[in-house]
There are 2 protein chains.
Amino acid sequence: MHVKLNPVERPSTQVTLSCDDCPIRYRAVCANCEAGDLERLEAAKYDRSYQAGQVIVWAGERMDFVASMVSGVASLTQALEDGRTQMVGLLLPSDFLGRPGRETAPYTVTAVTDVSLCCFRRKPFEEMMAHNPRLPARLLEMTLDELDAAREWLMLLGRKSAREKIASFLSILARREASLRHERPSGEIELTLPLTREAMADYLGLTLETVSRQMSALKRDKLIELRGKRGVVLVDYELLLSESGDDADGGLVH
Amino acid sequence: MHVKLNPVERPSTQVTLSCDDCPIRYRAVCANCEAGDLERLEAAKYDRSYQAGQVIVWAGERMDFVASMVSGVASLTQALEDGRTQMVGLLLPSDFLGRPGRETAPYTVTAVTDVSLCCFRRKPFEEMMAHNPRLPARLLEMTLDELDAAREWLMLLGRKSAREKIASFLSILARREASLRHERPSGEIELTLPLTREAMADYLGLTLETVSRQMSALKRDKLIELRGKRGVVLVDYELLLSESGDDADGGLVH
DNA sequence: CGATGAGTTGAGAGCAATCAAGATGGGTGG
DNA sequence: CCACCCATCTTGATTGCTCTCAACTCATCG
């Protein structure tokens with residue numbers, strides 16, 4: 001994959017934001033922590049950023065840190081011998097990256113957009129987890145949510161048609177956008193797709209041609225409008241949802 | 001679904017096994033607990049059993065207990081409006097059923113074989129989790145393992161051919177069987193399938209006809225032998241694995 | 001020994017993948 | 001500022017895998 005490099009070529013590392021100003025303060029692993037806990041976390045944390053397209057960790061590589069997504073979108077991807085790939089996770093702000101107690105990464109993690117992370121070296125973080133029950137408790141909650149999302153995803157991959165997959169994907173994005181603004185999605189919604197057609201295909205278990213064709217079909221059927229390569233207008237959220245195959249209430253927000 | 005009923009029609013409830021004799025003592029949520037912890041758990045626990053085919057919980061139903069699988073196999077299943085179904089979880093002995101802090105079940109849980117559970121009413125269990133960090137810590141570990149398994153499953157559903165799906169499924173079963181005996185699978189392996197063709201289809205995102213056809217094809221190609229409806233002999237585990245599409249080491253045990 | 005549920009096999013249709021050109025448009029350099 | 005470039009995306013033609021519909025076999029059980 002071609003990567004355009006900034007003046008700073010390697011992922012930049014700097015100690016920056018304090019937890020007080022952190023945009024994910026109340027949604028990340030640290031959400032339940034109190035002032036005292038935060039001090040300890042803050043002393044150990046360091047920031048890192050990656051540009052769109054950069055690989056954050058390669059599958060099989062040793063991984064000595066864990067991190068929270070502060071901004072941007074990253075993907076977890078798995079590959080078969082012959083090169084077929086499937087996305088198996090999509091990391092958004094506040095999501096947790098890495099597994100305490102695990103030495104090597106099982107998936108390749110790639111920055112899909114520009115990404116910034118709040119990192120901790122793994123060992124000290126495991127220490128903190130052992131001494132502060134708020135961390136494992138919150139991580140459990142987040143992992144259970146991720147498992148729910150993965151199960152919704154299994155249904156999508158196993159049983160939905162290409163059209164339903166696209167409709168589901170767009171609905172999921174809309175719900176997520178809305179939830180950032182503490183809203184419930186409805187009516188007309190404008191989105192910017194964080195993923196290329198190829199990445200969408202990897203997410204949905206399709207080819208990029210099929211993704212493109214189905215996007216065109218939804219446009220033809222007046223369910224969406226396309227604004228350039230990445231802009232999409234969902235003309236009517238409820239209508240789109242009815243194309244997704246799910247039952248009415250639309251499942252879980254990631 | 002037709003269910004043959006025992007003399008005891010409803011799931012039987014009895015206080016039986018002590019934790020000392022429990023076959024899943026060192027693998028379930030309670031794995032890390034010590035004598036004192038176990039006393040409290042033992043005081044609150046009650047057993048329950050279900051026959052093959054019985055529904056344990058319906059999706060959307062209120063669920064006031066959590067449980068560990070003691071024996072048997074159960075499935076988590078999700079359905080779309082029009083009746084298409086996808087299995088989204090397969091519970092084996094020591095697996096945990098239910099989510100602390102959640103009121104209603106998001107999936108239908110069905111006993112695939114006869115099943116026995118070690119149950120706790122949800123509220124008291126949440127209490128114990130809050131006071132005993134070994135429980136949430138172990139549950140986190142188990143949930144992370146389940147998430148890994150779900151991600152392997154995403155790859156299977158999204159990118160594998162019908163033949164590869166069947167080969168993967170049989171390999172997974174073999175690995176699991178072997179791990180119960182603390183072995184590494186290899187060579188010739190005899191299995192009893194816990195699932196019907198239909199349940200396999202639900203697991204693999206296929207139709208039951210396709211499952212049947214691919215089983216026949218593997219038989220024709222001398223990769224497996226069939227012994228009645230449920231018996232399968234994997235003639236050569238390594239050879240079968242090479243048909244599964246995965247890279248050599250074969251991924252994670254559930 | 002019919003009835004029943006599970007599994008197998010066959011023929012045909014349909015949906016998404018594959019192979020192959022084009023079109024678009026965001027970014028760069030002249 | 002415009003024109004070109006190249007990655008990204010779209011569209012078309014064809015193939016092929018899996019689904020669908022249907023008939024049939026097999027084992028089990030009253």
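Each chain gets a letter, A, B and so on, in the order the sequences are listed, and its residues count up from 1.
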Atom pair distance, as rounded to whole Å: CZ in B:Arg84 and C1' in D:dT20: 14 Å
Taking only nitrogen or oxygen atoms into account, show me every contact under 3.5 Å that the protein makes with nucleotides 7-10 of chain C, one pair per line with its distance.
residue	atom	partner	partner atom	Å
C:dG7	OP2	B:Arg197	N	3.1
C:dT8	OP1	B:Arg197	NH2	3.2
C:dT8	OP2	B:Arg197	NE	2.7
C:dT8	OP2	B:Ser212	OG	2.7
C:dT8	O5'	B:Ser212	OG	3.1
C:dT9	OP2	B:Ser216	OG	2.5
C:dG10	N7	B:Arg213	NH1	2.8
C:dG10	O6	B:Arg213	NH2	3.2

Please determine, for the side chain of B:Leu206, which listed nucleotide (C:dT18, C:dA16, D:dC19) has the closest atom? D:dC19
Rounded to whole angstroms, how far apart are CZ on A:Arg227 and P on C:dT24? 18 Å
In whole angstrom, give the distance that lies between atom CD1 of A:Ile166 and atom P of C:dC15. 16 Å
What's the CD-P distance between B:Gln214 and D:dG16, to the nearest Å? 17 Å
Less than 3.5 Å apart, any donor N or O on the side chain of A:Ser71 or A:Ser116 sitting next to an acceptor on the other? yes
Here the distance between atom P of D:dC9 and atom CD1 of A:Ile224, to the nearest Å, is 14 Å
Dump the intermediate steps for salt bridge (Lys or Arg N to Asp or Glu O under 4.0 Å) on A:Arg175 and A:Glu177, then the final yes or no. CA-CA 6 Å; A:Arg175 243 173 292 152; A:Glu177 290 284 315; over 6 Å; no
Would B:Arg48 and B:Phe65 count as a cation-pi pair here, with the cationic atom under 6.0 angstrom from the ring centre and within 45° of the axis? yes
Passes salt bridge (Lys or Arg N to Asp or Glu O under 4.0 Å), A:Arg163 versus A:Glu243? Steps please. CA-CA 8 Å; A:Arg163 184 185 176 92; A:Glu243 293 283 334; 2.8 Å; yes
Rounding to an integer number of Å, can you tell me how far B:Lys160 NZ sits from D:dC17 P? 18 Å
Can you tell me the distance, in whole Å, between the CG atom of B:Leu156 and the P atom of D:dT18? 12 Å
Within the structure provided, determine whether B:Asp114 and B:Tyr50 are in side-chain contact (heavy-atom separation under 4.5 Å). no
Starting at atom CG of A:Leu218, determine the distance to atom C1' of D:dT10, rounded to an integer number of angstrom. 15 Å
Could you tell me whether the side chains of A:Thr210 and A:Thr207 share a donor-acceptor contact shorter than 3.5 Å? yes
